[in-house]
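Following: one structure in structure tokens, then a few remarks.
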There are 2 protein chains.
Amino acid sequence: MYENLASEFGVVDTCAMMGGMPQPSAPRKTPGRPPRISREEILAAARRIVDEAGVDRLTMRRLAMEVGSTPMALYHHVRDKEELLVLLLDDHAARTLRRPELPAHPRERVVVAATAIHAALAACPWSVEVLTADDLLSTSALWFVEQIVDGLVECGLSPDRAVHGYRAIWYYTAGELVVRTAAARRRASDDRVTYREQVFADLDPGELPRLAQLADRWAPLTAEDTYQEGLRALVDGLLAGR
Amino acid sequence: MYENLASEFGVVDTCAMMGGMPQPSAPRKTPGRPPRISREEILAAARRIVDEAGVDRLTMRRLAMEVGSTPMALYHHVRDKEELLVLLLDDHAARTLRRPELPAHPRERVVVAATAIHAALAACPWSVEVLTADDLLSTSALWFVEQIVDGLVECGLSPDRAVHGYRAIWYYTAGELVVRTAAARRRASDDRVTYREQVFADLDPGELPRLAQLADRWAPLTAEDTYQEGLRALVDGLLAGR
DNA sequence: ACCTGAACACCGTTCAAGT
DNA sequence: ACCTGAACACCGTTCAAGT
């Protein structure tokens, strides 16, 4: 089904996004023992584990059990665990990133493309793990990068500034995901919340007047989803006066 | 020296930054066996390990050896490894965050405060590990948050929008750090670079014209430090028309 | 109250051997 | 070429006991 995902799409380090790996080598004419398990099988099993139990539970041993093999057999199909995670995100991107209708205005195109990437990554919370381990994005995402860079150029930025603009958008997007995920994890492990409230209540209005004034609204305000709002501000700023 | 760091500064979940923990309890009047090791001793040893060998090498066992004790003794002074890491970043913030001269113009104050936090965190690459584990920042950082929120309000934002603006700035900052660290890690483990070059060279100019056009300049462009440039764009955008 | 020793329940990965 | 078994060199943390 997606056995030559890498060769079909090619894969690239966009220097700021998810990633993929080259296929190890072209299949020769049955030179030795026939394989019992395949990369796709491994990936499918890994996806199952991650979806059902979370990334933390994805271990080489458990994965081997899931595919009915031994841990070391996996290393014949995947270089190491890090590559497995990158492959997994690559796979996820290829199957969930659908190219949206693009608006006519280039500025809006930038917003739509960035939002689509953000939504795809926000949908799999473990993506942050991979992002921080290896900042690559599958070639499925290249089209979105193209739309962002092109939109910025169409709005009057030089190509160089457009690349920098794309990177700023990616920083903002990756940061939102990291903070969102960390907040979700904290919520899961309860506590701390009461502590935060306490400290906010104890703020010295003389030293930190704004924070003291906002103390009781801080929690709800920071719980709001403001990704698009901030994204639009960033894009506006990148294009200001041009 | 910094034995009551937590009680001195208090500590707070800013919902988007580094963090600290409450001291376990007030010292009673010698109720039992006198302590052989202290929190500060543990923290100092942890700092030594992290500086010399990296976060990956900071294990409870190695830390115990470094302080001349056993792994389990540590759990009497620290809840678990995660708290240890948060404490470590807290400690780092307290000793490296120096309040800069603030410019008169509130917009510039926002930029200066954000840049100071960014610089402090960029100076300790392992901070990303903690950021993604727990999104707290020590109270040492609260003053900077105050400056950002206040600066935005002074520029005409409502308090609510100022908090959202602060969060956008934090997303952008955290994202830059995450991507920067991932890129550094990738550089350290070499390879991949040639692969990226290859894929960029193979881009289909028909499908992805901008990326194809920028292919050979992509690497140097993305290597440039554009944190401030993007930050200014973001702040400009947040304040646009207000 | 604080510390120790031993143990539990795991990891990712290498190596040498099998088919 | 592909897979297996055993082992290496680790982890964080719990538990029961000591001082």
Side-chain angles (χ1 to χ4, degrees), chain A residues 3 23-43 45-46 49-50 53-88 126 129-130 133-134 185 189 191, chain B residues 3 21 23-43 45-46 49-50 53-88 126 129-130 133-134 185 189:
Chain A
E3 48 197 350
Q23 214 69 315
S25 61
R28 303 274 178 74
K29 322 183 90 187
T30 59
R33 181 172 168 170
R36 278 157 123 79
I37 53 174
S38 65
R39 235 190 205 210
E40 305 91 81
E41 232 176 308
I42 293 172
L43 242 37
I49 293 172
V50 165
V55 228
D56 299 347
R57 304 312 243 281
L58 178 63
T59 69
M60 299 304 267
R61 288 156 202 267
R62 177 160 176 177
L63 180 55
M65 249 178 51
E66 187 87 13
V67 297
S69 185
T70 64
M72 283 319 298
L74 303 175
Y75 286 86
H76 240 269
H77 302 266
V78 148
R79 190 171 32 152
D80 52 22
K81 199 187 176 182
E82 189 171 321
E83 181 180 298
L84 179 72
L85 283 171
V86 172
L87 246 22
L88 207 58
W126 49 273
E129 229 83 0
V130 183
D134 193 328
R185 212 181 337 245
S189 73
D191 67 278
Chain B
E3 49 197 350
M21 289 291 132
Q23 213 69 313
S25 61
R28 304 274 177 74
K29 324 182 91 188
T30 59
R33 180 172 171 171
R36 279 158 122 80
I37 53 175
S38 66
R39 234 188 207 210
E40 306 92 81
E41 231 177 308
I42 292 173
L43 242 36
I49 293 173
V50 165
V55 228
D56 298 347
R57 305 311 244 281
L58 178 63
T59 69
M60 300 304 267
R61 289 156 201 266
R62 177 159 176 176
L63 181 54
M65 249 179 51
E66 188 86 12
V67 297
S69 185
T70 64
M72 282 320 298
L74 304 175
Y75 286 86
H76 240 268
H77 302 266
V78 145
R79 189 172 32 152
D80 52 21
K81 198 187 174 181
E82 189 171 321
E83 182 181 298
L84 178 72
L85 283 171
V86 172
L87 246 22
L88 206 58
W126 50 271
E129 229 84 0
V130 183
D134 195 328
R185 211 182 337 246
S189 74

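Letters go in sequence order (proteins before strands), and every chain restarts at 1. This is a predicted model, so every value here is computed, not measured.
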Can you pull every protein N or O that's under 3.5 Å from an N or O on nucleotides 9-13 of chain D?
| from | atom 1 | to | atom 2 | distance (Å) |
| --- | --- | --- | --- | --- |
| D:dC11 | OP1 | B:Thr59 | OG1 | 3.4 |
| D:dC11 | N4 | B:Arg61 | NH2 | 3.3 |
| D:dG12 | OP1 | B:Lys81 | NZ | 3.0 |
| D:dG12 | OP2 | B:Met60 | N | 3.1 |
| D:dG12 | N7 | B:Arg61 | NE | 3.3 |
| D:dG12 | N7 | B:Arg61 | NH2 | 2.5 |
| D:dG12 | O6 | B:Arg61 | NH2 | 2.3 |
| D:dT13 | OP2 | B:Tyr75 | OH | 2.6 |
| D:dT13 | OP2 | B:Lys81 | N | 3.2 |
| D:dT13 | O5' | B:Tyr75 | OH | 3.4 |

Protein-nucleotides 16-19 of chain D N/O pairs closer than 3.5 Å?
| from | atom 1 | to | atom 2 | distance (Å) |
| --- | --- | --- | --- | --- |
| D:dG18 | N2 | B:Arg33 | NH1 | 2.6 |

Response to the item:
Read 5' to 3' with Watson-Crick or G-U pairs under 3.5 Å, [ ] for crossing pairs and | for partners on another strand, DNA chain C gives ||.|||||...|||||.||
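Annotation: C:dA9 and D:dA9 have their P atoms spaced 24 Å apart (nearest Å).
Neither OP1 nor OP2 of D:dA1 sits under 4.0 Å from any side-chain N or O of A:His77. Between D:dT4 and A:Ser69, a contact under 4.0 Å exists linking OP1 or OP2 to a side-chain N or O.
Residue A:Ala45 comes nearest to A:Leu63 through the heavy atom pair CB-CD1, 3.7 Å, listed as atom of the first residue, atom of the second, then distance. In plain terms, the two heavy atoms of B:Trp126 and B:Val55 that are nearest each other are CB-CG2, 3.0 Å. Scanning both residues, A:Ala64 and A:Pro71, for their nearest heavy atoms gives CB-N, 3.3 Å.
The salt bridge (charged side-chain N to carboxylate O under 4.0 Å, His left out) contacts involving residues 66-77 of chain A comprise A:Arg48-A:Glu66, where partners must be two or more places apart or lie in separate chains. Note on residues 53-62 of chain B: no pairs pass side chain to side chain donor-acceptor pair (under 3.5 Å), not counting sequence neighbours.
Looking at A:His77, its side chain does come within 3.5 Å of a backbone N or O of A:Ile37 through a donor-acceptor pair.
Side-chain atoms of A:Leu74 and A:Leu84, non-hydrogen and from C-beta on, never get closer than 4.5 Å to each other.
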Worksheet item: Which is it for B:Val50 and B:Leu88 under the side chain to side chain contact (heavy atoms under 4.5 Å, CB included) test, yes or no, and what are the steps along the way?
Response: CA-CA 10 Å; B:Val50 165; B:Leu88 206 58; 3.8 Å; yes
Item to complete: Under the side chain to side chain contact (heavy atoms under 4.5 Å, CB included) rule, what do B:Leu85 and B:Leu58 come out as? Steps first, then yes or no, please.
Response: CA-CA 9 Å; B:Leu85 283 171; B:Leu58 178 63; 4.1 Å; yes
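A distance of 8.0 Å separates CD1 in B:Ile42 from CE in B:Met60, rounded to the nearest 0.5 Å.
Atoms CD1 (B:Ile42) and C1' (C:dC3) sit 12 Å apart, rounded to a whole Å. Look at CD1 on A:Ile37: it is 13 Å from C1' on D:dA1, rounded to the nearest Å.
Ionic pairing of A:Glu83 and A:Arg39 is present here: one or more N-O contacts between side-chain nitrogen and carboxylate oxygen are shorter than 4.0 angstrom.
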